[in-house]
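In this text the structure is predicted, and so the values were computed from the model without any measurement. In what follows, residues are counted from 1 in the order of the sequence shown.
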Amino acid sequence: PQRGSWNYRDSSGADLDLHWRLFEHLDARASEALVEGNTIRVHSEFGMVRHLTGEMMLLSLVAHHALQGPGAMNRLFDIYDLLSRVDVARVAELSGQVGIAREVLAACEQLREILGTGGRAELSELQTAVAPRARDTVSYGLLRRVLPVTELNPRRFREDAYLRHPLLYRLWFA
């Protein structure tokens with residue numbers, strides 16, 4: 001219950017990476033609301049599934065990029081590619097809502113360093129739109145490395161539905 005994903009492997013070597021949270025720092029309820037509001041239901045060979053909107057996919061890529069640490073290049077191409085197919089204002093709005101505006105801005109700045117003055121106009125638009133929100137958010141990379149749980153969402157790591165004795169656990173946690 002304290003993780004947002006897990007890898008399941010079978011004897012044939014198949015590897016299923018199952019996620020039940022989009023972002024590790026959000027509790028299950030907030031994550032469910034994000035999925036509900038930012039996915040499209042589509043038919044697949046496995047039945048009905050939810051596909052992330054381009055805006056939410058971009059934020060997911062940025063979060064994974066940020067967790068790779070400074071200087072990482074992972075996912076930058078995908079982030080840049082998605083910029084041409086997303087609503088930049090919606091990405092900026094969601095980045096503030098999710099709490100990863102600083103990481104979006106950092107990814108934009110890293111792309112700008114690589115591309116120089118060239119590149120998609122959407123990159124500059126996103127930088128401009130997300131900059132005011134970046135000042136008001138905690139760095140996503142710090143969520144797992146530096147800040148104590150109590151400064152994030154203390155209840156996020158205590159999901160009572162999974163516990164045999166929730167009251168006892170709440171006392172211990174406090």
Rounded distance [0.5 Å steps], CD in Glu103 versus NE2 in His64: 13.0 Å

Could you tell me whether the side chain of Ser60 and the main chain of Met57 form a donor-acceptor pair under 3.5 Å? no

How long is the span from the CG atom in Leu111 to the CD1 atom in Ile79, to the nearest 0.5 Å? 6.5 Å

Treating Ile, Leu, Val, Met, Phe, Trp and Tyr as nodes and any side-chain heavy-atom pair under 4.5 angstrom as an edge, say whether Val86 and Val42 lie in one connected cluster. no

Out of curiosity, does Leu61 fall in the hydrophobic cluster containing Ile114 (side-chain heavy atoms, cut-off under 4.5 Å, transitive links)? yes

Please round to the nearest 0.5 Å and tell me the distance separating atom CG of Leu58 and atom CG of Asp87. 11.5 Å

Arg133 vs Gln97 side-chain heavy atoms within contact, under 4.5 Å: no

Less than 4.5 Å apart, any side-chain heavy atom of Arg90 and any of Asn38? yes

Separation between CE of Met56 and CZ of Arg50, rounded to the nearest 0.5 Å: 12.5 Å

What's the separation between atom CD in Gln110 and atom CG in Leu76, rounded to the nearest 0.5 Å? 4.5 Å

Leu52 vs Leu22, test: side chain to side chain contact (heavy atoms under 4.5 Å, CB included). Steps then yes/no. CA-CA 10 Å; Leu52 292 176; Leu22 287 175; 3.8 Å; yes

Output side-chain donor-acceptor pairs under 3.5 Å for residues 117-132, partner residues at least two apart or in another chain, one line each.
residue	atom	partner	partner atom	Å
Arg120	NH1	Tyr80	O	2.8
Ser124	OG	Arg112	NH2	2.8
Thr128	OG1	Ser124	O	3.0

Closest non-hydrogen atom pair, Thr39 against Glu36: OG1-O, 4.2 Å

For Ile100 and Leu59, the nearest pair of non-hydrogen atoms, with its separation, is CD1-O, 3.4 Å

Under 3.5 Å, is there a donor-acceptor pair between the side chain of Arg102 and the main chain of Ala134? yes

Applying the 4.5 Å side-chain criterion to the ILVMFWY set and letting contacts propagate, would Leu115 and Met73 be lumped into a single cluster? yes

If you measure from the Lys or Arg side-chain nitrogens to the Asp or Glu carboxylate oxygens, is any gap between Glu32 and Arg29 under 4.0 Å? no

Spatial distance of atom CD (Gln68) from atom CG (Asn74) [nearest 0.5 Å]: 4.5 Å

